[in-house]
Number of protein chains: 2
Amino acid sequence: MSGARRMTKVRPGESPTERPKAAVMEDVAVLAGVSAMTVSRVLNAPEKVRPETRARVLAAVRELDYRPNSAARVLVTGRSGVLGVVCFDTTLYGPASTLFGIEQAARDSDYLVSIASLPALNRSWITRGIDRLRSQSVDGVIVVAPHESAAEGLRHLPQGLPVVDVGGGTDLLVPVAAVDQRAGAARATRHLLSLGHRTVWHLSGPPNWIDSSGRVAGWRSALEAEGREVPEPLVGDWTAHSGYEIGKRLAREPDVTAVFVANDHMAMGVLRALREAGRRVPEDVSVVGFDDVPEAAYFWPPLTTVRQNFGEVGRQAFQLLLDRIAGVDGKARRMVEPELVVRESTGVSS
Amino acid sequence: MSGARRMTKVRPGESPTERPKAAVMEDVAVLAGVSAMTVSRVLNAPEKVRPETRARVLAAVRELDYRPNSAARVLVTGRSGVLGVVCFDTTLYGPASTLFGIEQAARDSDYLVSIASLPALNRSWITRGIDRLRSQSVDGVIVVAPHESAAEGLRHLPQGLPVVDVGGGTDLLVPVAAVDQRAGAARATRHLLSLGHRTVWHLSGPPNWIDSSGRVAGWRSALEAEGREVPEPLVGDWTAHSGYEIGKRLAREPDVTAVFVANDHMAMGVLRALREAGRRVPEDVSVVGFDDVPEAAYFWPPLTTVRQNFGEVGRQAFQLLLDRIAGVDGKARRMVEPELVVRESTGVSS
DNA sequence: CGAGGATCTGTTAGCGATACCATGAGCTGG
DNA sequence: CCAGCTCATGGTATCGCTAACAGATCCTCG
């Protein structure tokens, strides 16, 4: 019953009962008494097959536990149903959440996600990451590398490969989905000014990260809009450790009454440094973070911060990529609005 | 120069200068003046080709920016160079780090990683996740779903697909890489006992998570080994929020002088609840966490915790999978030892 | 009743690579 | 000087699927 083809495949020395190879379309066709083409149609355009035939085929599919060989399908159609994600450190909260958002959106559309993580962020690695994915015939690539070097890597793309960038700068040639960092930073800064602080200090992320410069820009513009002094920003590396080290410096400056920190983990370090120095939060110093990691509400004190909806960014990026794959071109830009979440680390200036 | 084949492909209405299709092996062969077979050999078994010929072929490859079509290769070899990872929420620190470890190990061996994340943890979804990956011809699958339902899903695996489990239980039919949860929990518990605490309370993770039960078991056995009273464990859901809620209850019990919390984020919630209730850490109550998230050293107070080397687990899992793919069978078990990191949230019993 | 159309199913020809075997060139040694 | 070998290369079939067309069937309506 398994088709003459199968029988003739058995080599002389082999027993016909050895581990049966997975069923292929022809096997299903034989079992259902139709041609392979009809099986193919049942799977790809069921409405073109008489319901009765379709049922017979589906029964055969189930009986043989048949699954189409995607390699063969890709070979002929040129489409794989896989999208690639190029990313840097996926243990960071932001990238991990974005990846998760992309993956969920992809799952809902029956796409699979392949990831190429990079050992370092620079043009050459990004290009290599994209190449690695391309050689697997992905239908498109989403780059999650919010670093200026990414922009470099995105200038010279293989022709014909749809690419979308997440969190990228403004002058890219590809569609971008991103949280509006400037708006979020400005919101945080204005919040602090509205509490009566004379000005707001800033602990930024590492240079050359798009997020860093966006937040610096938003903070600066909010200060300038109200004619406030713009202190020199301090620079951290996203870790709680760097927040702590720099926080110790901040704690020594009696002028400092309000700090906008570029992410929650550094803010955590700052909080600890301030506390150790005997400066109370928020009575003496107000602190605002960025991200709203799930634990932010349980910092001491609960952290006022700017929530980024990473999941939404991932979904938007995926949607942009689908559009790109479908042939919509141009350099669309999908901005996701961040949200200020006021908790207890900010208070009126004393 | 681009080969007759290419020319004949151009349809009547099309201009020959339209976007050129990507070069295929035959194009390279023609340009190098050899057969496609030789090109294939240069790519897969260079030592079988005379250096001089090889150089010509490689030059042609570079000139045409040729990249092999992996679908075609998969179709004939049956191997894809892609491995699948089935996982649940990749925004959690543990899974994200494990995934990262797997991805790095995979990259070093020129494997690509496809992920299938699950909307829920139960047998049916796990099976579907594996199927989704299998239909993409992955060479093997690593399941990162440390939940009892995973064990269910792993009992009925498609024949012939190498599968490795991360963090799984003991009675699985597949190789497992995991951190020794029991050992870590016991170590944490003994640490607290050694500081003079009469006994140790436990805030566990959600039921049916393998990690939860492993940590409960380790904690319990350490207490029993010294003949201590074993309090009823409290149950959280891994979030700082649940740690906080349950911490408030713990704070009301004057008996409680030492708590072993099943992860760092819940521990953070517990710390805050204790502080709000006026109980000092570590003077009144000692707290130990689990994971050693990067921020744990900046909790207030810095958290004593058990470090899990997730990256190493990921590497081990990948290695096990490679072995499986190479045909080594059996149910190997690779345990990674956790490490107690003593900071300031634990102190002698008063 | 039969032409013309709609609907369903089958046939053929690849997609781009590798496995397998065949071939020819060049060398060795008796 | 040629059998017998190695080494480098080429020819051909095939992996499993679908696009494009062709044929078969059934229905509709003048």
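A note on names: the letters A, B, ... follow the listed sequences, proteins ahead of strands, and every chain is numbered from 1.
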Check this for me, if you would: do A:E103 and B:R132 make a salt bridge, where the nitrogen-to-carboxylate-oxygen distance has to be below 4.0 angstrom? yes
Within the structure, does a side-chain N or O atom of B:N69 lie under 4.0 Å from either OP1 or OP2 of C:dC15? no
Once you round it to whole Å, what is the distance between C1' of C:dT9 and CD of A:E52? 13 Å
Is any side-chain N or O of A:R67 under 3.5 Å from a base N or O of D:dG16, one able to act as donor and the other as acceptor? no
When you compare the side chains of B:S149 and B:N122, does any donor N or O come within less than 3.5 Å of an acceptor on the partner? no
Any idea which of C:dT11, C:dC20, D:dT9 is nearest the B:V49 side chain? D:dT9
Value in whole Å for how far the P atom of C:dG16 lies from OH of B:Y66: 10 Å
Note: B:D165-B:R324 ion pair, threshold 4.0 Å (strictly below): no
Sugar-phosphate only, base, or nothing, as touched by A:S70 at under 4.0 Å among non-hydrogen atoms: nothing
Taking the nucleotide of DNA chain D with the nearest heavy atom to each, does B:S35 or B:L75 sit closer to the 5' end? B:S35
Taking the nucleotide of DNA chain D with the closest heavy atom to each, which residue, A:P68 or B:G33, is nearer the 5' end? B:G33
Return the value, rounded to whole Å, for the distance between atom CZ of B:R41 and atom C1' of D:dA8. 7 Å
Aromatic ring centroids of A:F310 and A:F100 under 6.0 Å? no
When you measure from the side-chain N and O atoms of B:T38 to the phosphate of D:dG10, is any distance below 4.0 Å, counting only OP1 and OP2? yes
Atom CZ of B:R155: over 12 foreign heavy atoms under 6.0 Å: yes
Heavy atoms only, 4.0 Å cut-off, all strands: where does B:V74 land among base, sugar-phosphate and nothing? nothing
Rounded distance (Å) that lies between atom P of C:dA6 and atom NZ of A:K48: 15 Å
Value in whole Å for how far the P atom of D:dG16 lies from CD of B:Q136: 17 Å
Can you tell me how far P of D:dA19 sits from CG of A:N44, to the nearest Å? 7 Å
Out of D:dG11, C:dA17, D:dT18, which has the shortest distance to the side chain of B:M37? D:dG11
Starting at CD of B:E47 and ending at P of D:dT6, how long is that distance when rounded to a whole Å? 17 Å
Side-chain N or O of A:T53 less than 4.0 angstrom from OP1 or OP2 on C:dT9? yes
In whole Å, what is the span from the CD atom of A:E26 to the C1' atom of C:dG10? 12 Å
Distance below 4.0 Å between B:R50 side-chain N/O and D:dA8 OP1 or OP2: no
